[in-house]
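Take a look at the structure below.
If you read the sequence from its start, that first residue is 1, and numbering goes on from there.
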Amino acid sequence: DNATVKACGNATVKAWGNATVKAWDNATVEAWGNATVEAWDNAYVSSYAIVECKLSGNAIYRIRRDNIIRFASDSLKLEKI
């Protein structure tokens, strides 16, 4: 419940409770509850409801309940297909 995890490379992490995750490279994080996530590089974060999430670089955060995608980079281009 109170774990702190560093995820890098192609790691996939599921975080809940009071977990804290720092994710970079191509890591994927599935978060819920009171989890806190800091993501950068090309990391991808997904949650059903909003969790505390700090983004930088090309990191992307998807909030599935509201169908929202958040990102920090001005250089990302989203395309509808």
Side-chain angles (χ1 to χ4, degrees):
D1 275 355
N2 294 315
T4 299
V5 178
K6 293 182 179 179
C8 61
N10 295 314
T12 298
V13 175
K14 293 186 177 185
W16 63 92
N18 295 315
T20 300
V21 178
K22 293 183 182 245
W24 65 97
D25 292 337
N26 296 310
T28 299
V29 179
E30 174 72 24
W32 58 95
N34 293 319
T36 300
V37 179
E38 184 176 353
W40 61 96
D41 289 341
N42 293 313
Y44 174 75
V45 180
S46 176
S47 66
Y48 178 74
I50 296 172
V51 298
E52 185 176 336
C53 187
K54 179 181 177 184
L55 300 174
S56 62
N58 290 327
I60 295 172
Y61 173 32
R62 179 178 179 205
I63 305 163
R64 295 188 314 275
R65 178 187 64 196
D66 302 319
N67 206 24
I68 294 172
I69 295 178
R70 293 181 174 173
F71 54 93
S73 174
D74 289 333
S75 65
L76 285 178
K77 297 177 184 175
L78 297 179
E79 295 181 3
K80 183 177 177 181
I81 57 170

Between Y44 and V29, is there shared hydrophobic-cluster membership here, with clusters defined by ILVMFWY side-chain heavy atoms closer than 4.5 Å? no

Side-chain heavy-atom pair N67, R62 within 4.5 angstrom cut-off: yes

Considering non-hydrogen atoms only, spot the tightest contact between A27 and A7 and give its length. CB-O, 3.7 Å

With sequence neighbours excluded, tell me which residues meet side-chain contact (heavy atoms from CB on, under 4.5 Å) with I68. I63, D66, R70

Please identify each residue that fulfils side-chain contact (heavy atoms from CB on, under 4.5 Å) with E30, with sequence neighbours left out. K14, W32, S46, R64

Could you give all pairs that pass the ring pair (Phe, Tyr, Trp, His ring centres under 6.0 Å) test and reach residues 46-81, with sequence neighbours left out? none

If every non-hydrogen atom of A43 is compared with every non-hydrogen atom of A23, which pair is closest and at what distance? CB-O, 3.8 Å

Does one hydrophobic cluster hold both W16 and V45, with members joined at side-chain heavy-atom distances below 4.5 Å? no

Got a sec, which residues hit side chain to side chain donor-acceptor pair (under 3.5 Å) with T4, two or more places apart in sequence or on another chain? none

Of all pairs that satisfy salt bridge (charged side-chain N to carboxylate O under 4.0 Å, His left out), the ones with a partner from residues 36-53, not counting sequence neighbours: K22-E38

I need the minimum non-hydrogen distance between A15 and A35, along with the two atoms involved. O-CB, 3.9 Å

Nearest non-hydrogen partners of A31 and S47, listed with the distance: O-CB, 3.0 Å

With clusters built from Ile, Leu, Val, Met, Phe, Trp and Tyr whose side-chain heavy atoms come within less than 4.5 Å, directly or transitively, what are the remaining members of the cluster of W40, listed by chain and number? W24

Joint hydrophobic cluster, V13 plus V51, side-chain heavy atoms closer than 4.5 Å: yes

Quick check: closest heavy atoms across L76 and A59, and the distance to 0.1 Å? CD1-O, 4.4 Å

As an exercise, state the distance from CG of N18 to OG1 of T36, rounded to the nearest 0.5 Å. 8.0 Å

